[in-house]
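A short worksheet on the structure shown next.
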Amino acid sequence: MNRTDRLYALVEELRAVSPRPRSARWLAGRFEVSTRTIERDIAALQAGGVPIWAEPGRTGGYVVDRAHTLPPVNLTAAEAVAMAVALHRLGGTPFAGAGATALRKLLAVLPAADAAEAHRLAGRVHLIGDGPATPVPARVADAVTAGRVLRLRYADRAGAPSVREVEPLAYLGNPTHWYLVAWCRLRDGLRCFRTDRILDVQPLPEAVRRELRVEELDIPRARIRPLSLV
């Protein structure tokens, strides 16, 4: 069994017995490899976003969260590569990291032959340059998702820094930049902060209570297109 097949089988084994754990020794015997190989495989799956954790103790071992993993899926190689190409366009957005994790989860549960074909097809696709937008700091993306107030250190157009507390409400993106739309307590009003000018982020324990109303943005409604999942 090659490594790709083994990673796929490891996830399925842990899903099948969840929430009971499987020890590294048991898994090593099952897949006829060393415990060190199993530990490396588990670390690779965890790095790829598969929710596996270790339970300590004599009866402990590795456990996978079935609620946050996928059963085998029937993506074609072309569909998997199409997702990877779409992720290239996510470069610099607040969801680039989450998108990459989602793709790794899907690849981890593809049948081995389909995953191998997807890798072969991906090797025939060549891209020039990175994604279209400047990067969004991970702590900004995390805090917006969690609905937390932020303390920002922000540089203005001239590069002069200032510190302010903001209530993050939304993202605004165009082909060149992403903006954090937030209620600025210093100015007591709605502001757009260009994410590449955010120098430092400190999430605060306070929850955001406001909701954005699109009409509050000083942008013609015809120019704004809300994201749709359909």
Side-chain angles (χ1 to χ4, degrees), residues 1-127 130-131 135-136 138-139 141-142 145-146 227 229-230:
M1 179 182 293
N2 62 37
R3 188 167 189 255
T4 300
D5 292 340
R6 189 172 64 249
L7 291 175
Y8 170 77
L10 266 172
V11 173
E12 286 310 296
E13 176 64 38
L14 293 176
R15 274 181 55 83
V17 299
S18 179
R20 290 177 290 132
R22 286 291 197 211
S23 69
R25 183 186 298 274
W26 191 96
L27 292 168
R30 165 71 176 79
F31 294 105
E32 300 180 343
V33 295
S34 68
T35 56
R36 180 60 182 149
T37 296
I38 291 296
E39 289 167 356
R40 284 197 296 264
D41 288 349
I42 294 293
L45 290 167
Q46 290 171 327
V50 181
I52 299 173
W53 68 93
E55 287 193 353
R58 185 175 60 84
T59 60
Y62 294 110
V63 179
V64 68
D65 183 356
R66 293 188 65 173
H68 290 87
T69 58
L70 295 169
V73 294
N74 294 317
L75 287 181
T76 66
E79 288 168 340
V81 172
M83 292 183 64
V85 172
L87 284 176
H88 174 70
R89 299 296 298 171
L90 278 179
T93 75
F95 303 100
T101 299
L103 180 59
R104 287 194 294 267
K105 285 182 179 180
L106 285 170
L107 288 173
V109 295
L110 275 181
D114 293 341
E117 179 59 28
H119 283 291
R120 282 193 292 271
L121 179 58
R124 304 188 189 109
V125 178
H126 304 278
L127 304 169
D130 296 321
V136 175
R139 282 184 293 177
D142 292 344
T145 301
L227 180 68
L229 296 181
V230 297

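Atoms considered below: every heavy atom in the structure, side chains included; atoms not considered: hydrogens, waters and symmetry mates.
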- Item | CA sep, side-chain torsions, deciding dist, call: Ile38, Leu10, side chain to side chain contact (heavy atoms under 4.5 Å, CB included) | CA-CA 9 Å; Ile38 291 296; Leu10 266 172; 4.2 Å; yes

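- The CD1 atom of Ile52 sits 13.5 Å away from atom CZ of Arg22, with the distance rounded to the nearest 0.5 Å.
- Taken from CG in Asp41 to CZ in Phe31, the straight-line distance is 9.0 Å, to the nearest 0.5 Å.
- In this structure, the separation between CZ on Arg36 and OG on Ser34 is 8.5 Å, given to the nearest 0.5 Å.
- Atom OG1 in Thr37 sits 12.5 Å away from atom CD in Glu32 (nearest 0.5 Å).
- Summarising the geometry, atom CD1 belonging to Ile42 is positioned 8.5 Å from atom CG belonging to Leu7; distances are rounded to the nearest 0.5 Å.
- Taking CZ of Arg40 as the start and CG of Leu45 as the end, the distance is 13.5 Å to the nearest 0.5 Å.
- Across every non-hydrogen atom of Glu39 and Tyr62, the tightest pair is CG-OH, 3.7 Å.
- Scanning both residues, Ala80 and Leu103, for their nearest heavy atoms gives O-CD1, 4.1 Å.
- Proximity of a side-chain donor or acceptor of Thr35 to a complementary backbone N or O of Ala24 within less than 3.5 Å is not detected.
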